[in-house]
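A short worksheet on the structure shown next.
Just so you know, these numbers use all the heavy atoms, side chains as well, and skip hydrogens, waters and symmetry mates. Every chain is numbered from 1 and lettered A, B, ... according to where its sequence line falls, protein lines coming before strand lines.
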There are 2 protein chains.
Amino acid sequence: MGHTDEAVTKPLRADARRNRERLVEVAVEAFSTPGRDVSLEAIAKAAGVGIGTLYRHFPTREALVEAAYRSEVARLCDAVPGLLENAPPEVAMRAWMDRFVEYMTAKRGMLDTLRAIIASGGDPFTETKGRLRTAVGDLVGAGAAAGTLRADVDPADVLAAVSGVTLTTADREQAGRLLDLIMDGLRAPGTR
Amino acid sequence: MGHTDEAVTKPLRADARRNRERLVEVAVEAFSTPGRDVSLEAIAKAAGVGIGTLYRHFPTREALVEAAYRSEVARLCDAVPGLLENAPPEVAMRAWMDRFVEYMTAKRGMLDTLRAIIASGGDPFTETKGRLRTAVGDLVGAGAAAGTLRADVDPADVLAAVSGVTLTTADREQAGRLLDLIMDGLRAPGTR
DNA sequence: ACCTCAAACGGAATCGCCTCCGTTTACCCG
DNA sequence: CGGGTAAACGGAGGCGATTCCGTTTGAGGT
């Protein structure tokens, strides 16, 4: 009755888990380059497994893309605690934004397939959106607690702003400048 | 100045036109059976042409489906004058409804691909809808002029009603009874 | 009637998707 | 520490899509 997935997932054999991870890893890499459409066989080979193995783990191309997508989101969100440990919140926030740009860039290569997933009834977004919101919320919260970031910021707004930057900017440099701009707006009054 | 397509279409060689027609014909037939997904090669063979010929005329599967769809609509609309010549308007209307049911049945087999066409930006409907409206309008007009059908009927409503019947009924017999019912509603007062 | 040539034809060849099944291997148990 | 077993592996094979190019043919000009 869970709403997200199965609590009864069997422990998966060691080699199986290894291969699955390997596949997602390669898939992220492969899908990140836009324009190139990679064959599943190529991904399997790059991951050092047979095509059959790929298909057992991901019965359809969509399943693989979705896994790759989720994996990227997870990496992004999991990075937050580490960033907060090693730097003051406002610096962590800025660093996280940079990662976000990378993440969105990767997503572009998957866009077509993600569209297909949506068209066929799936919804890869609602879950991941929640996770992202939480991640930003943690950063904002830490900054507010430290007094360096404004406390009245809606994480969703930050997300939207950063998304906008990645979608509209051409190169990294420009994106960096815009992110700096956003950061300025996030700082608590008097901490400029 | 046409808004629908190219006024500069070259006259197409005789054999080419023959083959194209043949292909559409076979495609309609093939797509009309739901569930069966026909290979393009099968269609080509059934039409007695090589696979290359099929691809030259219809570069993608979608192009073929759309052509088949348009062809069906055209057949349906073109039938109206003939029906009106050989029968009083209310009888012609009823006969046309029967044909409409057949047409919708055929469309079901194409539904998936039509969906795909829409998803990729195409719109196979607006044009055909207009043609259908005109066709029904002619039938209604003739009936009104003859005094056997109500004059205040919106063709779009008739279309909607008949569509509803085809979508909800299981067998021909039931559909026939419902169409009779609709016909009754269309008759001019006192002509029951 | 014949010639010419662009248009049209057809199908072999290539490629990716996906299935199926014989082989290998991790893990548990005595 | 073997031994058994179910899980996992891997790739050959079947199938459809799509391209490419050598061959055929309709149609206009002489």
Notebook entry, point to check: Within this structure, what is the OH-to-P distance between B:Y55 and C:dC15, rounded to whole angstrom?
Noted result: 16 Å
Check: Within this structure, what is the CD1-to-C1' distance between A:I51 and C:dG16, rounded to whole angstrom?
Finding: 9 Å
Notebook entry, point to check: Given that B:L40 and A:A16 both sit by DNA chain D, which one's nearest nucleotide is further toward the 5' end?
Noted result: A:A16
Note to self: Applying side chain to side chain donor-acceptor pair (under 3.5 Å), can you list everything that pairs with B:R94, at least two apart in sequence or on another chain?
What the structure shows: B:D98, B:D180
Notebook entry, point to check: Are A:R75 and A:E72 close enough for a salt bridge, meaning some N to O gap below 4.0 Å?
Noted result: yes
Next item on the list: Measure the distance from CG on A:L12 to C1' on C:dT25 and round it to the nearest whole Å.
Entry: 14 Å
Margin query: Using heavy-atom distances to pick each residue's nearest nucleotide on DNA chain D, tell me which of A:G50 and B:R13 is more 5'.
Written below: A:G50
Next item on the list: Give B:T53 one of three labels, base, sugar-phosphate or nothing, depending on what nucleic acid heavy atoms sit under 4.0 Å from its own.
Entry: base
Next item on the list: In whole angstrom, give the distance that lies between atom CG of A:L64 and atom C1' of C:dC18.
Entry: 14 Å
Next item on the list: Run the numbers on B:R70 and B:E66 for salt bridge (charged side-chain N to carboxylate O under 4.0 Å, His left out), then give the verdict.
Entry: CA-CA 6 Å; B:R70 277 193 213 281; B:E66 190 166 341; 2.6 Å; yes
Item checked: First-last contacting nucleotides on DNA chain D - partner chain B, under 4.0 angstrom, heavy atom -> D:dG16 to D:dA27
Margin query: Check A:D171 with A:R177, please: is the shortest side-chain N to carboxylate O separation under 4.0 Å?
Written below: no
Next item on the list: Would you mind reading off the distance between A:L54 atom CG and C:dG16 atom P, rounded to a whole angstrom?
Entry: 14 Å
Check: To the nearest angstrom, how far is B:E41 atom CD from C:dA13 atom P?
Finding: 14 Å
Margin query: Using every non-hydrogen atom in the two residues, find where A:M93 and A:M183 come nearest and quote the distance to one decimal.
Written below: CG-SD, 3.4 Å
Margin query: Using OP1 and OP2 only, check whether a side-chain N or O of A:R61 sits under 4.0 Å from C:dC17.
Written below: yes
Item checked: Path from B:V153 to B:V136 over hydrophobic side-chain contacts below 4.5 Å -> yes
Checklist line | Atom-pair distance (CZ on B:R56; P on C:dG10), nearest Å | finding: 8 Å
Notebook entry, point to check: For the hydrophobic clusters of this structure (ILVMFWY residues joined by side-chain heavy atoms under 4.5 Å, transitively), does one cluster hold both B:L178 and B:V91?
Noted result: no
Note to self: Nearest whole Å is fine: how far is C:dC18 C1' from A:E62 CD?
What the structure shows: 14 Å
